[in-house]
Participant: 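First the structure, which I've put down as structure tokens, then a few questions once you've had a look.
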Amino acid sequence: MTEQQTLKPYVIGLDLGGTNSVFGIVDARGEIKATTAIKTGGFTSVESYVKASVEALQPIIEQVGGIDKIKAMGVGAPNANYYCGTIEYAPNLPWAHDTKVPLAKLFSDSLGIPVAITNDANAAAIGEMVYGVARGMKNFIVITLGTGVGSGIVVNGQLLYGSDGFAGELGHVTMVRGSEGRTCGCGRTGCLEAYCSATGVARTAREMLVKTNRPSLLREMNPDDITSLDVSIAAGKGDELAKEIYEFTGNMLGEACADFAAFSSPEAFIFFGGMVKAGELIMKPIREAYDRHVMPIFRGKAKFLVSGLDGASAAVLGASAIGWENRE
């Protein structure tokens, strides 16, 4: 532990989601010492959101000895720009829906500590590098499989942000071109996210149920209510149609990873998020499709790993890791 970490042994991590904002005070070993949370929505302005956040933080800050014990704060949030410290045009945040908000500066001014912000997938990548299975790695890609498909790309030990802070949107590479591609939430068609997110898996299930009359446990449900978890449970019970849904999803992810290898030659692909709980149902077809499609020069080099961070606290840990990276 460095001298600074001894004097200021904690950072604050904020997992800022569309519904809840979860705060944790974390030490250098990745142990969460205290947590609190507020609802993200319901505020008319970013200033009122920050005020409520700081008020919620005060008791847990005092619990660890006061603000003098806090080195910095890291925030993982949708549409976050690391360079500018802003959240920009985030569709699910009412106080940042149609504007840019200087969230890092507002928190820094209120708390008196450095604050860094990045998107949630980048936070996951930094979290893996600091606390998780990517410790010691300098080239890897984290792919988050949740409501959407996000990614954090680390090259030569540094997170890839690009010229404007928004690089690394691998969930929006085009997998199905032309009019046959599914419409994605980003406004484009055929994106990886439209097929391989949790919502994409549920959509695949509904499409397959229409295309075939084969028996399936999923037919017992209202099609509109089917989730990726339902598909996973059915597949775990031996449902052949559910297994094919994961085969389809894994094949597309593996093919996409084969393309990603061509530009960064990662040591590992690390999968993060609720969908990886499906285990080999999703991981096996990913590996097999990757081996089929990857250039021979890259074959057999990359590992395929599942996140080493505890699921319940992973997002907070990932955000907190940005605080340790902040050298201000």
Side-chain angles (χ1 to χ4, degrees), residues 1-40 43 46-82 84-87 90 93 95-96 101-132 152 159 309-328:
M1 185 177 287
T2 67
E3 182 180 353
Q4 189 176 38
Q5 287 173 341
T6 302
L7 296 173
K8 296 189 174 186
Y10 306 114
V11 294
I12 298 170
L14 165 57
D15 170 31
L16 197 165
T19 303
N20 297 309
S21 292
V22 182
F23 302 83
I25 295 181
V26 184
D27 68 17
R29 294 187 298 264
E31 183 177 341
I32 298 176
K33 296 297 185 179
T35 62
T36 190
I38 66 170
K39 293 292 184 183
T40 304
F43 298 97
V46 65
E47 289 81 7
S48 59
Y49 168 77
V50 170
K51 183 175 183 293
S53 297
V54 171
E55 288 173 356
L57 275 168
Q58 291 307 318
I60 65 170
I61 290 174
E62 292 306 314
Q63 189 176 324
V64 298
I67 197 66
D68 290 342
K69 297 293 185 180
I70 308 293
K71 175 183 182 291
M73 178 178 180
V75 182
N79 291 51
N81 189 321
Y82 175 81
C84 303
T86 52
I87 293 180
L93 301 179
W95 39 264
V101 296
L103 192 70
K105 183 177 188 304
L106 290 170
F107 268 120
S108 183
D109 289 347
S110 297
L111 293 169
I113 58 175
V115 178
I117 185 170
T118 191
N119 74 41
D120 41 11
N122 285 341
I126 296 173
E128 291 296 342
M129 189 160 51
V130 175
Y131 306 120
L159 198 64
L309 303 182
D310 175 65
S313 56
V316 168
L317 285 174
S320 75
I322 311 166
W324 296 121
E325 292 292 306
N326 195 330
R327 301 298 187 216
E328 293 181 35

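Owing to the predicted nature of the structure, the values given are computational and were not obtained by experimental measurement.
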Participant: Evaluate the side-chain contact (heavy atoms from CB on, under 4.5 Å) criterion for residues K71 and W324: first the C-alpha distance (whole Å), next the side-chain angles of each, then the deciding distance (0.1 Å), finally the verdict.
Facilitator: CA-CA 8 Å; K71 175 183 182 291; W324 296 121; 3.7 Å; yes

Participant: Please give me the minimum heavy-atom distance between N122 and G152, naming the atom from each residue.
Facilitator: OD1-CA, 3.5 Å

Participant: What's the shortest heavy-atom distance between A314 and L309, and which atoms?
Facilitator: CB-CB, 3.7 Å

Participant: Just jot down the side chain to side chain donor-acceptor pair (under 3.5 Å) partners of E55, sequence neighbours excluded, or say none.
Facilitator: K51

Participant: Once you round to the nearest 0.5 Å, how far does CG of L93 lie from CG of N79?
Facilitator: 7.5 Å

Participant: CG of L7 to CG of D68: how many Å apart, nearest 0.5 Å?
Facilitator: 10.5 Å

Participant: List the atom of V130, the atom of A321, and the distance in Å for their closest heavy-atom pair.
Facilitator: CG2-CB, 3.8 Å

Participant: Restricting to pairs with a member in residues 14-25, which pass side chain to side chain donor-acceptor pair (under 3.5 Å), not counting sequence neighbours?
Facilitator: N20-K39, S21-T40, S21-Y49

Participant: Among residues at least two apart in sequence or on other chains, which ones pass side chain to side chain contact (heavy atoms under 4.5 Å, CB included) with A37?
Facilitator: V22

Participant: Nearest 0.5 Å, what's the OG1-CD1 distance between T36 and I61?
Facilitator: 10.5 Å

Participant: Partners of A319 by side chain to side chain contact (heavy atoms under 4.5 Å, CB included), sequence neighbours excluded?
Facilitator: none

Participant: I'd like to check the side chain to side chain contact (heavy atoms under 4.5 Å, CB included) partners of E31; sequence neighbours left out, ordered by chain and number.
Facilitator: D27, R29, K33

Participant: Please enumerate all residues that pass side chain to side chain donor-acceptor pair (under 3.5 Å) together with E62, with sequence neighbours excluded.
Facilitator: none

Participant: Once side chain to side chain contact (heavy atoms under 4.5 Å, CB included) is applied, do any residues pair with D120, and if so which ones, sequence neighbours excluded?
Facilitator: none

Participant: As a test of understanding, state which of I70, I32, V11 forms a side chain to side chain contact (heavy atoms under 4.5 Å, CB included) with I25.
Facilitator: I70

Participant: Which atom names give the shortest non-hydrogen contact between I117 and G85, and what distance separates them?
Facilitator: CG2-CA, 3.3 Å

Participant: Just how far is it from atom OH of Y10 to atom CD1 of I67, taken to the nearest 0.5 Å?
Facilitator: 13.0 Å

Participant: Calculate, to the nearest 0.5 Å, the distance between atoms CG and OG belonging to L16 and S53 respectively.
Facilitator: 7.5 Å

Participant: If you look at every heavy atom in A80 and A77, which pair is closest and at what distance?
Facilitator: CB-O, 3.5 Å

Participant: Return the minimal non-hydrogen interatomic distance between S320 and Y131, and the atom names on each side.
Facilitator: OG-OH, 3.1 Å

Participant: Side-chain atoms of residues 101-115: list all donor-acceptor pairs with protein atoms under 3.5 Å, sequence neighbours left out, distances to 0.1 Å.
Facilitator:
| from | atom 1 | to | atom 2 | distance (Å) |
| --- | --- | --- | --- | --- |
| K105 | NZ | D109 | OD2 | 2.7 |
| S108 | OG | I113 | O | 2.8 |
| S110 | OG | L106 | O | 2.9 |

Participant: Report the distance from atom CG of L159 to atom CG of N119, rounding to the nearest 0.5 Å.
Facilitator: 8.0 Å

Participant: Output all residues satisfying side chain to side chain donor-acceptor pair (under 3.5 Å) with T35, sequence neighbours left out; order by chain, then residue number.
Facilitator: none

